[in-house]
Amino acid sequence: MATIHEGEAADARLSTVSTTSQSYRALVWRRFRKSVPGMLGLVLVSMLFLMSIFAEFFSPQNPSANGASFAPPDKISFFTNEGFTLWPVVYTITESEELDPITFQPLMGPDLDNPRPLAFFVDGWEYDFLGFIPMNTHFIGLSDGTPLRLLGTDKLGRDILSRGIIGSRITLIIALTSITLITITGTLLGITSGYIGGRFDMWFQRFVEIVLAFPQLPLYLTLTTLIPVTAPSPVFITFVILVIAGLGWAQLSREVRSKTMSMARIDYVRAAQAVGASDTRIVTRHILPNVMSHVIVSITLGIPAIVLLESFLGYLGFAVKPPLISWGLMLQDASTFSVIGSYPWILSPVGFILLAVFAFNALGDGLRDAIDPY
């Protein structure tokens, strides 16, 4: 009897094991979804792209409209003079009748006598949804139609939150376009150099070493100063993208070359060569799919570096020119300590940059851990 029960238990255990083979993508996804930082990064990156695509819808104010200079952020609260409320209300920060005992300046505080209910899907400034559909509906605002400034205003009275949301579009366009050019160029040249080998590989690697030997930051500033100040913004952005891509492909090329050289020695690649398969088929069917896992991780880890670089160049005035908006350009308002000390909310664009860098880094770390075992 004991033998029969043991046999039944063994059959039950075997029946719970799936005999269905899983694809490479399924194996990577199964491991990736167990990574908390990776899933958090995926959610944040998805929200970031959604925000940039529908930037006008999520912007509560017209990013070009002027108002009160350096107006402080509005205060959101669940309390009114009547007590607790389930729906949040907004208080404008205004000057009170009390004076600071040291500076004798009016003290700033929320206007508790005038609570304004926060609302969603409200009417506001007009824009073209997806570029061709006229709309005036916005995700968040105030029910009475007064301006909502959750992050305050800059020196020209423009809403910082709206400008940050609109500016994400330019920053991400520069980052994504640059990383696309870097990936295509670095991958193709790296595979070609590693697969052909010989004298071509030797001389090409000397050229890569020359590119890597350049100090990138001074070279970025030197190349971007070649464009006239009066040049249109699209020309300026295109040149910045070409400069970033022209100096960024070399490192990825070196990494892809080393993986290609190791793949070229694997048995199934040599077998394909022995049966007379063309070089194009060997590269596209056997080497490139095995290199793409490293390339995908390099993309997710390279985007944050480009976002930081664009922010730095924009802060110096070398990336984006008005009337376009980017996170780096917004940081120009925080160029002096006196402004930061008096109006600390002017540093709010740093929050957008930190959020984007954290999101892509977390996504890249999760992908790297998920891809490594396979």
Side-chain angles (χ1 to χ4, degrees), residues 38-65 120-122 124-141 148-151 154 158-183 233-234 236-238 240-241 244-245 296 299-315 319-332 347-364 367:
M39 291 300 296
L40 178 60
L42 178 62
V43 172
L44 291 177
V45 168
S46 301
M47 294 175 61
L48 191 62
F49 281 117
L50 186 67
M51 180 186 70
S52 63
I53 294 173
F54 305 106
E56 292 85 0
F57 171 71
F58 288 104
S59 301
Q61 300 298 322
N62 188 339
S64 302
F120 295 95
F121 303 103
V122 298
W125 60 284
E126 296 183 355
Y127 62 95
D128 291 331
F129 184 73
L130 297 178
F132 61 92
I133 304 176
M135 287 185 62
N136 64 347
T137 303
H138 298 272
F139 177 70
I140 193 172
L148 174 65
R149 301 185 177 95
L150 295 178
L151 295 180
D154 59 8
R158 299 169 298 188
D159 183 50
I160 294 179
L161 176 60
S162 301
R163 290 178 61 81
I165 294 175
I166 298 293
S168 65
R169 182 175 294 171
I170 297 297
T171 300
L172 290 179
I173 285 176
I174 293 176
L176 294 178
T177 307
S178 301
I179 201 66
T180 300
L181 295 177
I182 289 173
T183 302
S233 294
F236 213 95
I237 293 177
T238 302
V240 169
I241 291 174
I244 294 176
I296 292 173
I299 291 173
T300 56
L301 296 178
I303 291 177
I306 299 179
V307 170
L308 290 174
L309 178 61
E310 185 279 330
S311 301
F312 178 71
L313 294 177
Y315 173 76
V320 177
K321 300 291 184 182
L324 297 180
I325 309 170
S326 73
W327 294 337
L329 186 64
M330 293 176 63
L331 288 176
Q332 289 184 355
L347 288 174
S348 298
V350 175
F352 290 101
I353 299 172
L354 293 178
L355 180 62
V357 171
F358 169 78
F360 282 105
N361 276 328
L363 177 61
L367 284 175

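All values below were derived from every heavy atom in this structure, side-chain atoms included, with hydrogens, water molecules and symmetry-related copies excluded. If you read the sequence from its start, that first residue is 1, and numbering goes on from there.
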- Kindly determine whether Leu329 and Ile170 satisfy side chain to side chain contact (heavy atoms under 4.5 Å, CB included), including the steps that lead there. CA-CA 11 Å; Leu329 186 64; Ile170 297 297; over 6 Å; no

- Item | Stepwise side chain to side chain contact (heavy atoms under 4.5 Å, CB included) test for Met330 and Asp154 | CA-CA 9 Å; Met330 293 176 63; Asp154 59 8; over 6 Å; no

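- Screening Ile140, Leu148, Leu151, Ile166 for a side chain to side chain contact (heavy atoms under 4.5 Å, CB included) involving Leu161 leaves a single residue, Leu151.
- Two residues are said to be in side-chain contact when any heavy atoms from C-beta on lie closer than 4.5 Å; Ile237 and Thr177 fail this criterion.
- For Ile53, there are no side chain to side chain contact (heavy atoms under 4.5 Å, CB included) partners, not counting sequence neighbours.
- Note: Leu301 CG to Ile296 CD1 = 12.0 Å, rounded to the nearest 0.5 Å.
- Residues Ile353 and Leu331 have side chains in contact (heavy-atom distance under 4.5 Å, counting atoms from C-beta outward).
- Scanning for ring-ring contact (aromatic ring centres under 6.0 Å, His included) contacts around Phe312 gives an empty result, with sequence neighbours left out.
- To the nearest 0.5 Å, atoms CH2 (Trp125) and CG (Asn136) are separated by 10.5 Å.
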- Message: Could you go through Leu50 and Ser46, starting from their C-alpha distance and side-chain angles, then the distance that decides it, and tell me whether this counts as side chain to side chain contact (heavy atoms under 4.5 Å, CB included)?
- Response: CA-CA 6 Å; Leu50 186 67; Ser46 301; over 6 Å; no

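- Ser326 contributes atom OG, which lies 11.5 Å from atom CD1 of Ile173 (distance to the nearest 0.5 angstrom).
- Residues Ile160 and Pro349 are in side-chain contact: their nearest non-hydrogen atoms beyond the backbone lie under 4.5 Å apart.
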- Message: Between Phe49 and Leu176, does the side chain to side chain contact (heavy atoms under 4.5 Å, CB included) criterion hold? Intermediate values first, please.
- Response: CA-CA 11 Å; Phe49 281 117; Leu176 294 178; 3.3 Å; yes

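- One N or O on the side chain of His138 and one on the backbone of Ser59 form a donor-acceptor pair closer than 3.5 Å.
- Between the Arg149 side chain and the Asp159 main chain, no donor and acceptor come within less than 3.5 Å of each other.
- Heavy-atom contacts from other residues, nucleotides or ligands closer than 6.0 Å to CE of Met47 number 12 or fewer.
- Closest non-hydrogen pair, Pro60 versus Ser162, comes out as CD-OG, 3.3 Å.
- Counting only residues at least two apart or on different chains, the salt bridge (charged side-chain N to carboxylate O under 4.0 Å, His left out) pairs with a member in residues 166-175 are Glu56-Arg169.
- The structure places CG of Leu172 at 5.0 Å from CG of Leu48, a figure rounded to the nearest 0.5 Å.
- Remark: Leu313 CG to Ile306 CD1 distance equals 11.5 Å, nearest 0.5 Å.
- Contact detail for Thr238 and Pro234: the closest heavy-atom pair is OG1-O, 2.7 Å.
- Residues passing the side chain to side chain contact (heavy atoms under 4.5 Å, CB included) test with Ser168, sequence neighbours excluded: Met51, Ser52, Trp327.
- Looking at residues two or more places apart in sequence or on another chain, you find no side-chain hydrogen bond (donor to acceptor under 3.5 Å, both in side chains) involving Gln61.
- With values rounded to the nearest 0.5 angstrom, Ser311 atom OG is found 12.0 Å from Phe352 atom CZ.
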In a table with atom names and distances, give each donor-acceptor pair under 3.5 Å that connects a side chain of residues 354-364 to protein atoms at least two apart or in another chain.
| residue | atom | partner | partner atom | Å |
| --- | --- | --- | --- | --- |
| Asn361 | ND2 | Val357 | O | 3.2 |

